[in-house]
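For reference, the structure is listed below as structure tokens.
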Amino acid sequence: MRTNNQTGRNFSLFIGIYIVLKAVLNMIIGDDSFWNVIYSLVEAVALYTGLMYINYVIAVILAIVVLVNLKNNITNFSSNWIYLLEGIVDLVCAVLLVANKDIKGHFTNKWSEISNLFSRK
């Protein structure tokens, strides 16, 4: 797939890598399952493709995860400070995905172009 904004693609790739590393860290320290790492890899690949509206979907997912865990992370701050920090970074990533003009410029590939990935030319 092509990109109309290389800077936006780089930012998206960085956010995708962060999501995967976060899942691996949570698996190591928090008893999360390996499936969360697989799911995070799917999100990272989706961000890299630049398909329209994927940035909004991933931003909503990040925001929901923060909101679901916010109360527990605040009330148990002494033992969950790393998760609170993770939530702040998640919110920053979500805002970047929906507000940064370079990142939004990357998400211009049409869904009908998916077949171009598998066709030979």
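Since the structure is predicted, the reported quantities are computational estimates derived from the model, not experimental observations.
- Phe11 and Leu91 sit in two unconnected hydrophobic clusters of ILVMFWY residues. Membership requires side-chain heavy atoms under 4.5 Å apart, directly or through other members.
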Identify each donor-acceptor pair in which a side-chain atom of residues 94-102 lies under 3.5 Å from a protein atom, sequence neighbours left out, and give them as a table.
{"residue": "Asn100", "atom": "OD1", "partner": "Asp102", "partner atom": "N", "Å": "2.9"}
{"residue": "Asn100", "atom": "OD1", "partner": "Ile103", "partner atom": "N", "Å": "3.0"}
{"residue": "Asp102", "atom": "OD1", "partner": "Asn5", "partner atom": "ND2", "Å": "3.2"}

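- Taken together through direct or relayed side-chain contacts under 4.5 Å among Ile, Leu, Val, Met, Phe, Trp and Tyr, Leu25 and Val37 form part of one hydrophobic cluster.
- Taken together through direct or relayed side-chain contacts under 4.5 Å among Ile, Leu, Val, Met, Phe, Trp and Tyr, Ile29 and Ile88 form parts of separate hydrophobic clusters.
- Here the CD1 atom belonging to Ile58 is positioned 16.0 Å from the OH atom belonging to Tyr53, to the nearest 0.5 angstrom.
- Taking the side chain as every heavy atom from C-beta outward, Ile61 and Val57 approach each other to under 4.5 Å.
- A distance of 11.5 Å separates CG in Asn10 from CD1 in Ile15, rounded to the nearest 0.5 Å.
- Within a 6.0 Å radius of OH in Tyr83, more than 12 heavy atoms belonging to other residues, nucleotides or ligands are found.
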Which atom pairs, one a donor and one an acceptor, fall under 3.5 Å between side chains of residues 40-47 and the rest of the protein, sequence neighbours left out?
{"residue": "Ser40", "atom": "OG", "partner": "Asn36", "partner atom": "O", "Å": "2.8"}
{"residue": "Glu43", "atom": "OE2", "partner": "Tyr39", "partner atom": "OH", "Å": "3.2"}

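- Atom-to-atom distance recorded for Leu70:CG and Leu84:CG is 7.0 Å, nearest 0.5 angstrom.
- Transitive grouping of hydrophobic side chains (ILVMFWY, heavy atoms separated by less than 4.5 Å) brings Ile54 and Leu62 into a common cluster.
- Here the shortest heavy-atom pairing between Ser12 and His106 reads OG-CD2, 3.5 Å.
- Using a 3.5 Å distance cut-off with no hydrogens or angles, the side chains of Glu86 and Asn26 do pair a donor with an acceptor.
- Here the side chains of Trp35 and Met27 are not in contact, with every heavy-atom distance at 4.5 Å or above.
- Other residues, nucleotides and ligands contribute at most 12 non-hydrogen atoms within 6.0 Å of the OH atom of Tyr48.
- From Trp81, atom CH2 reaches atom CG of Asn73 across 12.5 Å, with rounding to the nearest 0.5 Å.
- Ile19 and Tyr56 fall within the same hydrophobic cluster, defined by Ile, Leu, Val, Met, Phe, Trp and Tyr side-chain heavy atoms under 4.5 Å apart, directly or through other members.
- One N or O on the side chain of Trp111 and one on the backbone of Met52 form a donor-acceptor pair closer than 3.5 Å.
- The CG atom of Asp90 sits 9.5 Å away from the CG atom of Leu85 when rounded to the nearest 0.5 Å.
- Contact record, Arg9 with Thr49: NH2-O, 4.2 Å, taken as the closest heavy-atom pair.
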